[in-house]
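Ligands are counted one by one from 1 in listed order, and the atoms in each one are counted from 1 as well. Atoms considered below: every heavy atom in the structure, side chains included; atoms not considered: hydrogens, waters and symmetry mates.
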Amino acid sequence: MTDADLGQALPLPTPSIELQTRLATRRSAPAQALGAPGPSPAEIERILTLGARSPDHGKLFPWRFVVMGPQSRAALAEALLPHAARQPDPGKARKVLTKLTAPPLTILVISAPVDSAKPVWEQELSAGAVCMNLEHAANAFGYSASWITDWYSYDPQALELLGVTSRERVAGFIHIGTLAESPLERPRPDLSTLVVHRP
Ligand SMILES: Cc1cc2nc3c(=O)[nH]c(=O)nc-3n(C[C@H](O)[C@H](O)[C@H](O)COP(=O)(O)O)c2cc1C
């Protein structure tokens, strides 16, 4: 499969039972349960390319990625340890650091709004869309994924360690790998309480 060239006519959507089934049965993984194998370097490039193919008002590309292998995440988890002690529940803050070290691959998605007439909110929503598409792309290569923020996405000193500037925000840590066991379905919303139909 080659990527589309600028101005090229793209295929219109066609019905796909396979895609419907995949969307109807997709589930996030518990990050701690993600193990090897993870994506190869070539697969990582494709997953990033597909993730970056997300709606973005104004073609601003208001996000950036940090692709984190096991070494950088082990170092990060260690550096975060003293900061966990400052959190309201230090035990829990320490425990969730295992989510950083277990998976084979993590893509940190940073919302990086640019100066533009387009609202920052819309730029941040675009970063969320990127996170979701990264998960779909990882699934398309046969991997499971988990979208996590946790306390270190909000703690100012942790953000400094992550290299996230004061203009930026963590959209998510997208952990990617393989589950040994099938995930279980979780509660889903009752659409009748959320949807109104208007003629
Ligand atoms: C923006 C965002 C941040 C999240 N942060 C966390 C988190 O810090 N810890 C956590 O356990 N789950 C977090 N989650 C939820 C997990 O991704 C959760 O496993 C997922 O929503 C389960 O639903 P799914 O199986 O339909 O994907 C977050 C989800 C989103 C969208």
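Each side chain to side chain donor-acceptor pair (under 3.5 Å) pair with one or both residues in residues 4-14, not counting sequence neighbours, would appear here, but there are none.
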Distance-only check: which donor-acceptor pairs under 3.5 Å involve side-chain atoms of residues 110-119, not counting sequence neighbours?
unit_1: D115; atom_1: OD1; unit_2: R167; atom_2: NH1; d: 3.4
unit_1: D115; atom_1: OD1; unit_2: R167; atom_2: NH2; d: 3.3
unit_1: S116; atom_1: OG; unit_2: K118; atom_2: N; d: 2.8

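The hydrophobic cluster containing M68 also contains L159, counting ILVMFWY residues as joined when their side-chain heavy atoms lie under 4.5 angstrom apart, directly or transitively. Under a hydrophobic clustering in which Ile, Leu, Val, Met, Phe, Trp and Tyr are joined whenever their side-chain heavy atoms come within less than 4.5 Å, directly or via other members, W147 and F141 fall into the same cluster.
Within the 3.5 Å criterion, the main-chain N or O of H83 finds a donor-acceptor partner in the side chain of Q87.
D190 pairs by the side chain to side chain donor-acceptor pair (under 3.5 Å) definition with S192, not counting sequence neighbours.
Contacts of ligand 1 (protein heavy-atom distance under 4.0 Å) are R26, R27, S28, K99, W147, I148, T149, D150, R186, R188.
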